[in-house]
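Notes follow the structure.
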Amino acid sequence: MSNAPGFRIENVFVFAGIPSIARAMFASAVPMLVQAAPILSASVDAYLREGDFAAALEAIQKRHTAVEIGSYPFNRDGRLGATLVARGTDRTLLDKVVAEIVAAIGALGGETKFP
């Protein structure tokens, strides 16, 4: 369709920016894509400073290595906190991790809300 370059480095595909050419490139790349379990996520807002819950969050992460936990700080209406996001492929495990996060934040005197 075009001489526009496209390439792949490991699991990253780079296509041309023109939509019709990108679609053609994507169609040719589909057989190279690996099918895997979908990545699921769950999040909770924690109203504590990151430094206040960092150790607890690290301990939860170490217990559940199949789940990735991210912390995204915010300042809402003058209140400091962070949205804590857990990602993984097992919904039951994600729910368990979020429950542990909520319990840890509560034990530290913080408030949690589900976005």
Side-chain angles (χ1 to χ4, degrees):
M1 170 174 235
S2 167
N3 287 332
F7 58 92
R8 174 185 177 188
I9 299 174
E10 295 182 19
N11 67 339
V12 177
F13 292 81
V14 179
F15 303 137
I18 300 168
S20 61
I21 297 171
R23 278 191 291 275
M25 291 175 146
F26 180 76
S28 68
V30 167
M32 294 181 272
L33 298 175
V34 175
Q35 297 266 329
I39 303 295
L40 308 170
S41 69
S43 62
V44 62
D45 290 342
Y47 287 88
L48 279 177
R49 296 174 303 171
E50 279 187 299
D52 295 339
F53 61 76
L57 201 63
E58 182 180 13
I60 294 168
Q61 178 68 81
K62 285 182 179 179
R63 282 195 302 276
H64 304 288
T65 58
V67 173
E68 293 180 7
I69 302 172
S71 176
Y72 305 92
F74 60 74
N75 182 345
R76 292 188 191 139
D77 300 321
R79 295 180 70 195
L80 297 176
T83 299
L84 305 175
V85 180
R87 292 185 179 94
T89 57
D90 182 333
R91 174 58 64 195
T92 302
L93 181 56
L94 281 179
D95 292 344
K96 179 179 180 179
V97 167
V98 169
E100 287 186 30
I101 290 170
V102 168
I105 298 300
L108 293 167
E111 174 189 352
T112 55
K113 290 185 181 178
F114 290 90

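Below, each value reflects all heavy atoms present in this structure, side chains not excepted, and no hydrogens, waters or symmetry copies.
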_Residue pair Ser71 / Phe53, side-chain heavy-atom distance below 4.5 Å_ = yes

*Would you indicate whether Phe26, at its atom CZ, is surrounded by more than 12 heavy atoms from other residues, nucleotides or ligands within a distance under 6.0 Å?*
no

*Going by heavy atoms in the side chains, are Leu108 and Asp52 under 4.5 Å from each other?*
no

*Heavy atoms from other residues, nucleotides or ligands near CD1 of Ile18 exceed 12 (cutoff 6.0 Å)*: no

*Under a single-linkage definition using a 4.5 Å side-chain heavy-atom cutoff for Ile, Leu, Val, Met, Phe, Trp and Tyr, are Tyr72 and Ile39 assigned to the same hydrophobic cluster?*
no

*Does Lys96 reach the side chain of Val67, with side-chain heavy atoms less than 4.5 Å apart?*
no

_Counting neighbours of CD1 on Ile9 that are heavy atoms of other residues, nucleotides or ligands and sit closer than 6.0 Å, is the number greater than 12?_
no

*With ring-ring contact (aromatic ring centres under 6.0 Å, His included) as the test, would you mind laying out the steps for Phe74 and Tyr47 before giving the verdict?*
CA-CA 9 Å; Phe74 60 74; Tyr47 287 88; 5.3 Å; yes

*Treating Ile, Leu, Val, Met, Phe, Trp and Tyr as nodes and any side-chain heavy-atom pair under 4.5 angstrom as an edge, say whether Leu94 and Ile69 lie in one connected cluster.*
yes

_Residue Arg63 excluded, over 12 heavy atoms near CZ under 6.0 Å_ = yes

*Does CD in Glu111 sit with more than 12 non-hydrogen atoms of other residues, nucleotides or ligands closer than 6.0 Å?*
yes

*asked:* Is the shortest side-chain heavy-atom distance between Thr83 and Val44 below 4.5 Å?
replied: no

